Trainee: 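Please find one structure pasted underneath; my questions will follow.
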Protein chains: 2
Amino acid sequence: MTNIKKVSELAGVSTATVSRALKNPSLVNVKTREKVMEAVKTAGYRPNWLASSVKSGKSNSIVVLVPNLVNPFFMRIIEGIEKGAQEHGYSVLLGDTQGEHKRENEYASMLLSNRADGLIQLDHSFPFSEADEDLSKNVPLVSVCERVTGKDYPYIELDNYAAGRAIMNHLVSYGHEKFGFIAGQRSSQIFHDRLAGMKSVLSEEGINFEESSLVGESYDLDTGVEGVKELLKLPHRPTAICCFNDDIAMGALFELTRRGISIPKDISITGFDNVRVSGYVNPPLTTVDQPAFDMGKRAVDVLVKMMKNEELTRKREILPFQLLERESSGPAKR
Amino acid sequence: MTNIKKVSELAGVSTATVSRALKNPSLVNVKTREKVMEAVKTAGYRPNWLASSVKSGKSNSIVVLVPNLVNPFFMRIIEGIEKGAQEHGYSVLLGDTQGEHKRENEYASMLLSNRADGLIQLDHSFPFSEADEDLSKNVPLVSVCERVTGKDYPYIELDNYAAGRAIMNHLVSYGHEKFGFIAGQRSSQIFHDRLAGMKSVLSEEGINFEESSLVGESYDLDTGVEGVKELLKLPHRPTAICCFNDDIAMGALFELTRRGISIPKDISITGFDNVRVSGYVNPPLTTVDQPAFDMGKRAVDVLVKMMKNEELTRKREILPFQLLERESSGPAKR
DNA sequence: CAACAAAGAGTAAACGATTACATTCTACCA
DNA sequence: TGGTAGAATGTAATCGTTTACTCTTTGTTG
């Protein structure tokens with residue numbers, strides 16, 4: 001192992017000088033500096049990151065808790081996180097939780113053992129009730145997409161209420177009156193926000209919201225398939241189906257098409273997230289674009305502030321969304 | 001900060017005893033052990049991971065170099081890596097390279113500064129020619145999917161040659177004679193393997209391979225769209241299009257459908273990877289299933305062996321593939 | 001020319017753990 | 001009863017850096 005001592009001997013100076021030459025060059029004489037650099041080069045020396053970190057007490061790493069890596073929307077967020085982390089000089093530790101509390105706890109405890117300095121979650125589950133009590137303390141934690149109910153951790157999201165309204169306004173303007181909804185977990189805060197937004201438009205239009213028209217409990221393609229099956233059994237078949245993400249919507253689209261139901265002629269479909277492939281299915285999905293990359297990047301900005309104990313100007317960051325009216329939605333069939 | 005010294009004072013023992021009680025309990029008397037555990041609990045002590053790592057010289061972390069996080073096939077591999085790493089007690093550092101050598105180099109140098117002990121790449125580009133020369137040494141490195149040409153780093157992949165043959169046999173058995181190919185980077189080894197497999201079948205069948213039928217240079221949905229545009233301009237329109245991954249295939253499917261060309265009646269399409277959504281487009285894609293999760297997990301197994309300086313029984317791990325004959329391929333139009 | 005500031009470099013003490021070695025104590029056996 | 005093995009614990013060195021503190025040298029100013 002080539003350590004700082006070897007370099008110092010090679011350069012004929014003390015280890016302190018080597019360290020200064022590398023980290024704080026202005027403190028050492030130009031000629032010595034050059035000698036040191038020369039020695040560094042010939043020795044092939046790289047400062048031991050572990051050692052510096054132990055000294056500073058900072059690992060310069062952040063953990064990202066992701067329920068599921070295969071979701072391209074999450075991954076886009078993580079790309080943003082990665083970029084932001086890199087710019088701030090942090091590394092990203094991947095915490096694939098698969099939704100298990102045990103794993104979430106494991107990754108989160110990295111904060112307590114100095115393996116990581118902060119945590120970003122793409123879920124709303126941490127810190128959960130049975131979580132390690134030390135972790136419920138004021139650790140640097142930021143939520144993206146979701147917010148933690150009852151706690152006041154900062155979070156980055158978009159105005160899901162407004163987005164819900166936007167989708168529903170769009171459909172209502174096409175004359176739809178009978179809706180189906182395929183959703184994810186009921187515990188999700190953003191689910192309630194979006195639904196509330198949609199309901200607000202419905203009530204303005206004097207349209208009833210029926211509990212039976214809300215089906216589904218998770219987020220994958222199959223949820224869309226099963227959701228459609230359920231919705232088609234309803235006494236009044238919906239003319240528009242709002243899905244809470246693009247995967248669900250693509251599943252729904254698949255099942256409807258398979259049954260010979262034409263989109264959007266017979267039924268309109270909307271998604272959410274604007275994952276890339278949603279623009280390449282037939283027909284392309286009407287959906288809400290979320291600035292996923294930016295959300296990730298902003299999350300890091302906020303987290304870095306917290307880790308540096310800087311004051312946060314606000315706990316809540318709302319990013320803009322955009323309704324993409326594509327071909328999966330159209331005039332209601334009468 | 002609660003450190004081992006505080007705990008030792010609280011328990012009325014030396015720091016050595018505390019350390020032993022935690023890491024090597026059999027060396028400590030039961031009663032003392034309990035006292036220590038008690039103190040650990042009341043102090044809320046967690047061993048400082050950085051400090052232990054400095055001592056051992058091992059960071060117990062591995063870096064994963066990914067060209068692109070949004071690809072669900074890569075992400076499935078990474079899920080496998082994550083799982084494997086966790087089981088072996090390693091953490092995963094995310095290295096999103098976006099295909100840039102500079103970034104690859106940055107992440108790879110984590111190995112030299114003790115920030116990580118090993119590296120897994122989902123790409124074939126590292127170590128590239130201009131790479132830091134220290135990195136070209138014998139570092140623990142495993143490639144998944146791709147292999148590094150010219151070097152003998154271990155790699156995990158499937159028999160792409162055979163998979164290429166399987167796809168082509170399938171199409172030939174449907175009577176296809178005129179093919180189009182939409183591919184990714186020419187520098188990719190697996191690309192050549194698959195193409196060679198396909199060509200071998202063609203030559204057995206006495207079918208000519210035309211250079212002009214091979215288009216495309218990257219891996220995304222647009223590559224499929226553009227590829228189709230190009231292929232349709234050919235003097236003899238292909239009756240089957242082989243795409244080198246599912247994203248390309250879905251792009252192709254999208255563009256063909258948009259032009260009113262019916263799949264598979266007019267043209268058959270095949271993909272590769274079996275990403276989840278490929279079974280939920282209309283029609284579902286004929287593709288090759290790769291055991292992505294297992295590939296990731298196996299890569300970690302191999303890497304861990306390397307990091308422990310154990311002997312590798314073999315450098316090359318070939319995993320089984322499966323041809324999924326779905327509805328995007330069918331009898332050739334005559 | 002005395003006095004003092006500033007620059008440059010070295011010494012040694014941290015950081016928080018682990019562990020080789022030394023020490024103490026008990027128990028057992030000849 | 002003396003000797004020894006083994007268990008249990010403490011002391012202090014160590015990992016590779018960083019940095020507070022000290023010392024020397026040089027330059028500046030009244």
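Excluded from the calculations below are hydrogen atoms, water molecules and symmetry mates; all remaining heavy atoms, backbone and side chain alike, are included. By convention in this document, chain letters (A, B, ...) are assigned in the order of the sequence lines, proteins followed by strands, and residues within each chain are numbered from 1. As the structure is a computational prediction, the values presented were derived from the model and not from experiment.
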Trainee: Using a heavy-atom cut-off of 4.0 Å across all strands, would you classify A:Lys5 as base, sugar-phosphate, or nothing?
Mentor: nothing
Trainee: Just checking B:Lys315: does its NZ atom have more than 12 heavy atoms from other residues, nucleotides or ligands closer to it than 6.0 angstrom?
Mentor: yes
Trainee: Please report the distance, rounded to the nearest Å, between CG in A:Asn24 and P in D:dT18.
Mentor: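 Going from CG in A:Asn24 over to P in D:dT18 covers 11 Å.
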Trainee: Counting heavy atoms not belonging to A:Glu106, are there more than 12 under 6.0 Å from its CD?
Mentor: yes
Trainee: For the pair made of NZ in B:Lys23 and C1' in D:dA8, what is the distance, rounded to whole Å?
Mentor: 20 Å
Trainee: Measure from CG on B:Leu27 to P on C:dA20 and round the result to the nearest Å.
Mentor: 11 Å
Trainee: Would you call A:Leu65 and A:Ile120 a side-chain contact if the rule is heavy atoms closer than 4.5 Å?
Mentor: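 Side-chain contact under 4.5 Å: no.
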Trainee: Between B:Glu79 and B:Lys83, is there a side-chain N and carboxylate O pair less than 4.0 Å apart?
Mentor: no
Trainee: Can you see which heavy atom on A:Leu158 is nearest to which on A:Ile318, and at what distance?
Mentor: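 Shortest heavy-atom separation between A:Leu158 and A:Ile318 comes out as C-CG2, 3.9 Å.
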Trainee: Side chains of A:Glu146 and A:Ser188: donor-acceptor distance under 3.5 Å anywhere?
Mentor: yes
Trainee: Any side-chain to backbone donor/acceptor pair from A:Asn48 onto A:Ala51? Under 3.5 Å, distance only.
Mentor: yes
Trainee: Kindly indicate whether the side chain of A:Arg46 and the base of D:dG16 share any N or O donor-acceptor pair separated by less than 3.5 Å?
Mentor: no
Trainee: Hey, which sits more toward the 5' end of DNA chain C by its nearest nucleotide, A:Thr15 or A:Ser26?
Mentor: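 This one resolves to A:Ser26.
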Trainee: Toward the 5' end of DNA chain D, which comes first, A:Ser56 or B:Arg33, by nearest nucleotide?
Mentor: B:Arg33
Trainee: Mind calculating the distance between CG (B:Asn29) and P (D:dG6) to the nearest angstrom?
Mentor: 18 Å
Trainee: Could you tell me whether B:Ser14 contacts a base, only the sugar-phosphate backbone, or nothing, with contacts defined as non-hydrogen atoms closer than 4.0 Å?
Mentor: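 Since a base atom lies under 4.0 Å of B:Ser14, the category is base.
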Trainee: Take atom CG of A:Asn114 and atom P of C:dC15, then tell me their distance rounded to the nearest Å.
Mentor: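 For the pair A:Asn114 CG and C:dC15 P, the rounded distance is 13 Å.
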Trainee: Could you go through nucleotides 23-28 of chain D and list every protein N or O atom that sits under 3.5 Å from one of its N or O atoms, giving the distance for each pair?
Mentor:
none

Trainee: Among B:Ser61, B:Ser59, B:Ser53, which one satisfies side chain to side chain donor-acceptor pair (under 3.5 Å) with B:Asp117?
Mentor: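 Among B:Ser61, B:Ser59, B:Ser53, the one meeting side chain to side chain donor-acceptor pair (under 3.5 Å) with B:Asp117 is B:Ser59.
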Trainee: Can you pull out the residues from residues 47-55 of chain A that lie within a 4.0 Å heavy-atom distance of DNA chain C?
Mentor: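 DNA chain C contact set from residues 47-55 of chain A: A:Val54, A:Lys55.
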Trainee: How far does CG of A:Leu50 sit from NZ of A:Lys55, to the nearest 0.5 angstrom?
Mentor: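 Reported to 0.5 Å precision, the distance equals 15.5 Å.
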Trainee: At less than 4.0 Å, is any side-chain N or O atom of A:Ser19 found next to OP1 or OP2 of D:dT17? Yes or no.
Mentor: no
Trainee: Counting any heavy atom closer than 4.0 Å, what does A:Thr32 reach on the DNA or RNA strands: base, sugar-phosphate only, or nothing?
Mentor: sugar-phosphate
Trainee: Note down the inter-axis angle between the two ends of the helix from C:dC1-D:dG30 to C:dA30-D:dT1, five pairs each, to the nearest 10°.
Mentor: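 Taking the rotation axis at each end, their angle is 50°.
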Trainee: Given B:Asp96, which partner from the list A:Gln86, A:Met75, A:Glu82 fulfils the side chain to side chain contact (heavy atoms under 4.5 Å, CB included) test?
Mentor: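 Of all the options given, the one that passes is A:Glu82.
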Trainee: Check if the side chain of B:Arg20 and the base of D:dG10 share a donor-acceptor pair of N or O atoms closer than 3.5 Å.
Mentor: yes
Trainee: To the nearest angstrom, how far is B:Glu9 atom CD from D:dT9 atom C1'?
Mentor: 17 Å
Trainee: Separation of B:Lys58 atom NZ from D:dG16 atom P, in whole Å?
Mentor: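 After rounding, the reported distance stands at 12 Å.
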Trainee: C:dT18 C1' sits how many Å from B:Tyr45 OH, rounded?
Mentor: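 That distance rounds to 10 Å.
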Trainee: State, to 0.1 Å, how close B:Ala85 and B:Val92 come at their nearest heavy-atom pair, and which atoms those are.
Mentor: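 Looking at all heavy atoms of both residues, the closest pair is CB-CG2, 3.6 Å.
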Trainee: For the residue pair A:Asn60 / A:His88, report whether a side-chain donor-acceptor contact shorter than 3.5 Å exists.
Mentor: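 No donor-acceptor contact under 3.5 Å links the two side chains.
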